[in-house]
Amino acid sequence: MGVSGCGKSTLLKLLAGLYSARDGIVEVQGLRRPEDIRKNVSMVMQNIMLFPGSIRDNITCGHPMSDEEIRQACDAAQLSGWIAALPDGIDTFVGERGGRVSGGQAQRIAIARAIAKNAPVVLLDEATSALDGDTSMAVLSALESLTKGKTVVSVSHRTEALAGCSRIFRLEGGRLYSA
Amino acid sequence: MRNISDIRNLFRTAGGIRRFIILTLLRCPFDALHTVIHAVFLQLAFEAVNSENLNGLLHVCLLFGIGSLLLFLYNGTVWMLYSVYVTKWVGKIQRKLFGHISRLSLQQIEARPSGEWITRLNADVQSAAALLNQPIHLPHAVLATVNVCVSSVILILFNLGIFGLCIAFVIPHVLINRLLIFRPLIWFAMKVQEAVAENASDMNTIVTCADTAILYEAQGFLLGCFEKSSLELRKPT
């Protein structure tokens, strides 16, 4: 945890292999090369950016995936009920920048994408900070499915969002302190 | 972009220089042939008028019509091939740029605002396309109008009958031009605008969704979407 702007998201991007460290080493699952790390990490961010494609495209990211795998990811992400009610189902266009779906739905699509990747490490960047009352239960339930049995690094500026974490650190001035 | 070595580098990147040279050479004879046909027509028409040979004048007009039609067909065909070539060439440059950006690290992408990437993508491609596809400039249009006006005045002073004959050719030409070329051109421009907007949106995605695309190895998928909308750009041609 840490205040806004202290570098929490940057730290997560380093852990995700999205940034390369200028000094020191980033090691995840015994891997140090960013491209290897990225294969073992999935991430859910606060500001979800969906691709301008279908729900299916946003879950598979163009990778070959069976209908059963997609269905399981949608079930776990609490999306199946909503998708079943859509005229085009899983092939519904989410709009440019996800403009045709709500914030909660976009977040659950991002969670389904992370579930479908099935990476051993899950990074959550303020994943529960922008939830409204109607969708928060569904998203929290989806996050539970995503993180079950995985190594989870969750970042938040609110202490209550980190309930259930085994270890909590405070990031301050570029250093981590045990909270 | 303006010096020869930059142009050479651009063609080295996108290829197609041989086709460009051939098509440019094919475009060259049009103006010369156009002038020759007009000159021969005027010469023969004046000779026929001077000798009061109405039959000869009709033959000359018929030959002029056939010659102009063939020249129009030749020019249209070359321009069509040239447009297809330019569209494909621009598409190739765009795909190369898109592929290059999609392979950049997130740090490099985030170092500049997304708007700057999109502007650079569009501006660079447009300036590359301008090398091959310069539009008709305003001075061209002014020059052509002045030429037409001066020619008309000379012709009226010289022979009102010949002027009337020319007008009889010009009016159907203008009408056909408006009905068969101008209207489809507006429709075509609108379609291109829509396709360009979709294409730009796909370009935008690689910048705004860079972190997700890199983390989930979706660059290939986004490149596929971009190629698809690039093909839409080519469709109207």
- Note on the structure: Correct closest heavy-atom pair for A:Cys74 and A:Ile90 would be SG-CD1, 3.7 Å
- Query: Near A:Glu144 CD, under 6.0 Å, is it more than 12 heavy atoms from other residues, nucleotides or ligands?
  - Reply: no
- So which of A:Cys61, A:Ala114, A:Ala110, A:Gly62 has the largest heavy-atom pair count under 4.5 angstrom toward chain B? A:Cys61
- Item | Ionic contact status for A:Arg113 with A:Asp57, cut-off 4.0 Å | no
- Give the intermediate values and the outcome of side-chain hydrogen bond (donor to acceptor under 3.5 Å, both in side chains) for residues B:Glu217 and A:His63. CA-CA 9 Å; B:Glu217 293 178 329; A:His63 300 297; 4.7 Å; no
- Heavy-atom pairs under 4.5 Å with chain A, option from B:Leu215, B:Thr205, B:Ile214 with the top count: B:Leu215
- Message: Heavy-atom cut-off 4.5 Å, strictly under: side chain, backbone, both or neither for A:Ser20 against chain B?
- Response: both
- Item | Option in B:Ala213, B:Cys225, B:Gly220 with maximal non-hydrogen atom pairs under 4.5 Å from chain A | B:Ala213
